[in-house]
> 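Below you will find the structure I want to go over with you.
Throughout, numbering of the chain's residues begins at 1 and tracks the sequence. Both ligands and their constituent atoms are indexed starting at 1 by order of listing.
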Amino acid sequence: MADVHALAARLDDAARDVRAIPRLTEEAPLDEAAAYAVQRAGIELRRRRGERLAGVKMGFTSRAKMVQMGVDDVIWGLLTDRMLAESSVDVSGLIHPRIEPEIAYLIGREVRSPAEAESAVAGVAVGFEVLDSRYADFKFTLPDVIADNASAARFGFGAWHPPRDVSNIGLLVEIDGRTVQTGSSAAILGDPARSLRAAARVALGAGMTLEPGWIVLAGAATAAVPLPKDAHVRVTGAGLGAVEVTT
Ligand code: OOG
Ligand code: MG
């Protein structure tokens with residue numbers, strides 16, 4: 001049986017020391033349940049330092065991401081208030097950050113079943129996620145990345161719009177005015193709303209509910225791109241406006 005707390009502390013130290021570590025599975029195999037237990041223990045460490053849960057992020061909900069990272073299953077992680085990047089991200093505190101476009105949902109009321117998820121949405125926005133694998137070379141197996149809170153590091157979103165169909169929104173990522181990724185929200189399980197329902201399902205399965213004020217990131221529609229220092233990034237979602245962040 002894996003020492004869940006020791007593994008969580010190893011990942012937590014790596015993030016705080018800004019130093020990549022070897023994959024956990026290089027030492028001993030980890031099954032999916034143990035990997036999620038490590039993820040939760042890591043979140044617990046952060047809660048004890050005053051961080052508060054702020055939402056759920058879904059991962060590998062698009063083929064572009066599965067292909068980029070060489071995995072083939074949907075995963076999820078947790079967001080905390082301290083991960084929210086209002087307008088800038090200090091990349092010196094990150095190991096090898098990448099950025100990707102996201103569709104973000106704002107939860108308006110507690111979601112007690114996946115079927116309620118869509119009607120509980122108070123707003124939709126274009127968003128971004130900054131990933132930072134705590135593993136060397138940004139390489140991992142599925143249990144490794146689950147334990148590492150799905151590589152989550154920072155996130156942000158643009159203006160909230162009233163709930164609407166976001167099943168086919170054109171997405172554009174620009175760094176310093178240069179287009180680096182384009183895609184469509186349709187790449188996210190055919191419709192990000194499916195990812196939202198999945199977020200409700202996995203949260204319930206883990207004994208949590210999506211709560212008012214929480215954010216759900218549905219997963220990137222494109223591969224992630226390296227996030228350099230002194231960069232200006234703009235992520236645009238057709239009809240949803242844009243969100244900008246500097247490093
Ligand atoms: C894992 C996180 C995947 C997404 O949107 O697909 C993810 C990673 O790629 O390192 O956040
Ligand atoms: Mg993501």
Side-chain angles (χ1 to χ4, degrees), residues 11 14-15 20-25 30 32 35-36 38-39 42-43 54-80 83-85 89 91 94-105 124-158 166 169 171 173 180-196 198-199 202-203 214-227 233 235 237 243 245:
L11 285 160
I21 56 169
R23 289 175 288 285
L24 303 183
T25 56
L30 201 59
E32 210 170 283
Y36 277 110
V38 173
Q39 181 191 116
I43 292 290
V56 167
K57 63 154 286 181
M58 302 302 288
F60 305 133
T61 50
S62 70
R63 263 203 71 68
K65 286 289 306 183
M66 288 190 187
V67 168
Q68 178 182 30
M69 304 315 297
V71 298
D72 57 4
D73 209 357
V74 171
I75 63 171
W76 65 290
L78 288 160
L79 302 172
T80 74
M83 296 163 68
L84 179 61
V89 170
V91 288
L94 300 171
I95 302 164
H96 36 207
R98 294 178 178 175
I99 192 162
E100 58 187 18
E102 296 269 348
I103 296 291
Y105 291 96
V124 291
V126 63
F128 64 84
E129 183 174 21
V130 175
L131 299 173
D132 194 32
S133 176
R134 268 54 67 167
Y135 300 116
D137 306 321
F138 223 116
K139 291 219 177 82
F140 42 67
T141 65
L142 207 57
D144 287 310
V145 66
I146 289 168
D148 188 24
N149 197 26
S151 306
R154 303 281 186 274
F155 69 100
F157 42 80
V166 289
I169 300 271
L171 292 162
V173 184
V180 292
Q181 285 291 354
T182 56
S184 162
S185 64
I188 303 161
L189 299 176
D191 180 348
R194 287 208 178 93
S195 184
L196 171 72
V202 293
W214 275 24
I215 308 297
V216 173
L217 296 181
T222 73
V225 294
L227 180 62
V233 184
V235 181
V243 56
V245 64

> Report yes or no: does R194 contribute a side-chain atom to a donor-acceptor pair with the main-chain N or O of L189 at less than 3.5 Å?
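At least one qualifying donor-acceptor pair exists.
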> Which residues pass the side chain to side chain contact (heavy atoms under 4.5 Å, CB included) test with T25, not counting sequence neighbours?
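In terms of side chain to side chain contact (heavy atoms under 4.5 Å, CB included), with neighbours along the sequence ignored, T25 is linked to R23, L30, T141, P143, D144.
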> Please name the pair of heavy atoms, one in S195 and one in I188, separated by the smallest distance, quoted to 0.1 Å.
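Closest approach of S195 to I188: CB-CG2, 4.1 Å.
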> Looking at E102, pick out the N, O or S atom nearest to the Mg ion (ligand 2) and give its name.
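The atom in question is OE2.
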> Which value, rounded to the nearest 0.5 Å, describes the distance between R98 atom CZ and F138 atom CZ?
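Here the rounded value is 4.5 Å.
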> Under 4.0 Å from any heavy atom of L131, which atoms of ligand 1 are there?
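Ligand 1 atoms under the 4.0 Å threshold to L131: 2 (C), 8 (C), 9 (O), 10 (O), 11 (O).
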> side-chain contact (heavy atoms from CB on, under 4.5 Å) for V56 and L78? Distances and angles first, verdict last.
CA-CA 5 Å; V56 167; L78 288 160; 4.1 Å; yes
> Please list, in number order, the atoms of ligand 1 under 4.0 Å from a heavy atom of M69.
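The atoms of ligand 1 under 4.0 Å from a heavy atom of M69 are 9 (O).
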> Which atom, among the N/O/S set of E100, is closest to the Mg ion (ligand 2)?
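It is OE2 of E100.
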> If you count every heavy atom of other residues, nucleotides or ligands that lies below 6.0 Å from D72 atom CG, does the total exceed 12?
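For D72, atom CG is not crowded (no more than 12 foreign heavy atoms under 6.0 Å).
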> With a 4.0 Å cut-off on heavy atoms, does E102 reach ligand 1?
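Yes, E102 has heavy atoms under 4.0 Å from ligand 1.
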> Could you find the nearest protein heavy atom to atom 9 (O) of ligand 1 and give me its residue, atom name and distance?
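Here the nearest protein heavy atom works out to K65 NZ, 2.8 Å.
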> Take F140 and M69, measure what side-chain contact (heavy atoms from CB on, under 4.5 Å) needs, and give me the verdict at the end.
CA-CA 8 Å; F140 42 67; M69 304 315 297; 3.5 Å; yes
> Report yes or no: does N149 contribute a side-chain atom to a donor-acceptor pair with the main-chain N or O of G77 at less than 3.5 Å?
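A pair under 3.5 Å: no.
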> Going by the atom numbers of ligand 1, which of them fall below 4.0 Å from some non-hydrogen atom of F138?
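Matching atoms, with element in brackets: 10 (O).
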> State the atoms of ligand 1, each with its element, that fall below the 4.0 Å cut-off from a heavy-atom position in E129.
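Near E129, meaning under 4.0 Å from one of its heavy atoms, ligand 1 has 11 (O).
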> Which heavy atom of the protein is the closest neighbour of atom 7 (C) of ligand 1, given with residue, atom name and distance?
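Heavy-atom neighbour on the protein nearest atom 7 (C) of ligand 1: E100 OE2, 3.3 Å.
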> Can you check whether W76's main-chain N or O pairs, donor with acceptor, with Y36's side chain at less than 3.5 Å?
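Flag set: sc Y36 to bb W76 pair under 3.5 Å.
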> Output the atom name for the N/O/S atom of E129 with the smallest distance to the Mg ion (ligand 2).
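It is OE1 of E129.
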> Does even one non-hydrogen atom of M58 get within less than 4.0 Å of ligand 1?
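Yes, that is the case, since the closest heavy atom of the residue is under 4.0 Å from the ligand.
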> So among L142, D73, V67, which one has a side-chain contact (heavy atoms from CB on, under 4.5 Å) with F60?
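In the set L142, D73, V67, the residue that makes a side-chain contact (heavy atoms from CB on, under 4.5 Å) with F60 is L142.
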> How far is atom 8 (C) of ligand 1 from its nearest protein heavy atom, and which residue and atom is that?
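Here the nearest protein heavy atom works out to S151 OG, 3.6 Å.
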> Could you tell me, atom by atom, which parts of ligand 1 come under 4.0 Å of a heavy atom of A220?
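Atoms satisfying the 4.0 Å criterion: 4 (C), 5 (O), 6 (O).
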> Students should be able to answer this: which protein heavy-atom is nearest to atom 11 (O) of ligand 1, and at what distance?
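Looking at atom 11 (O) of ligand 1, the protein heavy atom closest to it is K57 NZ, 2.7 Å.
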> To check you understand the geometry: which heavy-atom pair defines the closest contact between I103 and P192, and what is its length?
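Looking at all heavy atoms of both residues, the shortest contact is CG1-CG, 4.1 Å.
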> Under a 4.0 angstrom heavy-atom cut-off, which atoms of ligand 1 come close to F140?
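Those qualifying, in numeric order: 8 (C), 10 (O).
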> By number and element, which atoms of ligand 1 are closer than 4.0 Å to a non-hydrogen atom of G59?
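Listed by number with element, the hits are 3 (C), 4 (C), 6 (O), 7 (C).
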> Hey, looking at atom 2 (C) of ligand 1, which of A150, A153, A64, G219 has the closest heavy atom?
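It is A150 that holds the nearest heavy atom.
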> Quick test: of every protein heavy atom, which one is nearest to atom 6 (O) of ligand 1, and how far off is it to 0.1 Å?
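Checking every protein heavy atom, the shortest distance to atom 6 (O) of ligand 1 gives F60 N, 2.8 Å.
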